There are 2 protein chains.
Amino acid sequence: MEARQRLRDAGLRPTRQRLALAELLCSMGGRHLTAEQLHGDAQAHGISVSLATVYNTLHQFTRAGLLRELVVDAGRSYFDTNTSPHHHFFIEATNTLQDVPEDCVTVSTLPPPPEGMTVSSIDIIIRVKEKVE
Amino acid sequence: MEARQRLRDAGLRPTRQRLALAELLCSMGGRHLTAEQLHGDAQAHGISVSLATVYNTLHQFTRAGLLRELVVDAGRSYFDTNTSPHHHFFIEATNTLQDVPEDCVTVSTLPPPPEGMTVSSIDIIIRVKEKVE
DNA sequence: ATTTGTGCAAATCGTTTGCATCTGA
DNA sequence: TCAGATGCAAACGATTTGCACAAAT
C-alpha cells in the first residue's frame, strides 16, 4: 500500500526516487545503514538516484520521523529504520551496529536536565570489541 | 609541576606545544571542546600551534588516556578532559555538552554483548532542547 | 502553470597526511 | 646525533549547495 500514503502524510511528495528509497528501506532486514550504502543498494536494484538525493531524502525522512539518525562514529552518519526507542551495540571492529534487545537496558533516575530544557532523546551506545583471550 | 611528567609517563615527549596544550586543557574549566576551539584558545594565549598539531596532540592524549573522545555530533569531535566514567547532556540549541552529575544515571541489566565480544565502553547521551511553554 | 524535487558538479567542512624542517634527549 | 615532532599545504572523505532541468500537482 502505503509507502505512497506515508510520504504524503509526512508532507513529502511521493516522487519516483523517494518511493523507491522508501521501499528499499522497508524491505531490507539490515536496518542500520549509511547514505553511501543506501546509494549502493539503490544502484544494485537498478534505481538511479544521485548520492545527493539520497542524503536529502534520508534527512527528509528523518525529519518526518520515518527514520532515526544515529551518531556513533565521528564523521559518518547511520540511519535506523527502526524508530521506536531502543539502544545499540557498536562493534568497533567492523563499524557495525546491532540493536540491543528490547528492555534489556533501563535507565534509572533520569537526572533533571539543565534549566529550561526538556529531554528530546536518550542515546545509549555500548561499544564492543573483539574479546581477547 | 607535572604536566611534563605526565607526558613522559604517557610516552610522549614533552615538547613546547604539547606542554602548552596540556596546561591549557588542565587549567580550563570548560571541559568539552573541539580541536577548532582548542586551537583558537591556544592562539588567544599566544601559543603558536598549527591546527594539524592540535589534532595530532588531541589524539595522542586520547590514546594515552588523558582525554576522552566524545561522539555526539555527526562530523565534529569533542574531547573531554574528564576521563572518569560519566555521561552527558547535549544541548542541541548550542551544540554544547554538559556532564550528567555523578551516579544520577544507572544502567540496569547490561545485555550480553554479541558472541565473542566484550564491552569496551558505554556512552549515554541525553539530548535536550529548549523547553517550549 | 506552478511548485517542488532532482542531478550533477563544485563547494564546504572537519580531519588527515606527506614531506621538509626543527627540536628535545 | 637523530628519532621523534612540527608546520604547512595539499589530500581526503563525508556531506551540502547552487543551479539548470524534470516531474508532480
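Just so it is clear, the model here is predicted, and its values are computed rather than measured. Reminder, nothing fancy here: chain letters follow the sequence lines and each chain counts from 1.
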* Within residues 10-19 of chain B, residues whose heavy atoms come under 4.0 Å of DNA chain C -> B/R13, B/P14, B/R16

* Asked: Judged by modelled atom types alone, do A/H32 and A/D99 share a side-chain donor-acceptor pair under 3.5 Å?
  -> yes

* Are a donor atom and an acceptor atom from the side chains of A/E69 and A/S77 found within less than 3.5 Å of each other? -> yes

* **Side chain to side chain, B/R13 and B/L7, heavy atoms closer than 4.5 Å** => no

* Asked: Separation of A/Q43 atom CD from C/dG7 atom P, in whole Å?
  -> 10 Å

* Asked: Nearest of C/dT15, D/dT16, D/dT15 to any side-chain atom of A/A52?
  -> D/dT16

* Asked: What integer distance in Å separates A/H39:NE2 from D/dT15:C1'?
  -> 13 Å

* Asked: Does B/Q43 use its side chain to pair, donor to acceptor, with the backbone of B/G40 at less than 3.5 Å?
  -> no

* Quick one: B/Y78 OH to C/dG14 C1', roughly how many Å, whole number? -> 12 Å

* Would you kindly confirm whether B/I47 and B/L38 end up in one hydrophobic cluster when ILVMFWY residues are joined by side chain heavy atoms under 4.5 Å apart? => yes

* Asked: Would you call A/D9-A/R4 a salt bridge at under 4.0 Å N-O?
  -> no

* Structure fact -> Residues in residues 62-73 of chain B with a heavy atom under 4.0 Å of DNA chain D, by number, are none

* With a non-hydrogen cut-off below 4.0 angstrom, is A/S48 in contact with a base, only sugar-phosphate, or nothing? -> sugar-phosphate

* Whole-Å distance separating the CD1 atom of A/I47 from the C1' atom of C/dG7 -> 16 Å

* Mind checking whether A/I125 and B/I122 have side chains closer than 4.5 Å, heavy atoms only? -> no

* Is there a donor-acceptor pair under 3.5 Å between the side chain of B/T96 and the backbone N or O of B/T94? -> yes

* **Euclidean distance, atom CG of residue A/L58 to atom P of C/dT6 [Å, nearest integer]** => 12 Å

* Check the distance between C/dT15's C1' and B/R76's CZ and give it to me in whole angstrom. => 12 Å

* **B/R8 vs A/N56, nearer the 5' end of DNA chain C by closest nucleotide** => A/N56

* Given D/dA14, D/dA9, C/dT15, which nucleotide is nearest the side-chain atoms of B/Y55? -> C/dT15

* Rounded to the nearest angstrom, tell me the gap between atom CG in A/L51 and atom P in D/dA14. => 9 Å

* Asked: Would you say the side chains of A/H88 and A/D80 form a donor-acceptor pair under 3.5 Å?
  -> yes

* To do: Look at the side-chain N and O atoms of B/H59 and state whether any lies under 4.0 Å from the OP1 or OP2 oxygen of C/dT16.
  => yes

* Nucleotide D/dA24, atom C1' - distance to CG of A/L7 in whole Å -> 13 Å

* To do: May I ask you to evaluate whether A/T53 reaches the phosphate of C/dT6, defined as a side-chain N or O under 4.0 Å from OP1 or OP2?
  => no

* Donor-acceptor contact present, side-chain A/H39 to main-chain A/V49, <3.5 Å -> yes

* Asked: Is the phosphate of D/dT15, meaning OP1 or OP2, less than 4.0 Å from a side-chain N or O of A/S77?
  -> yes

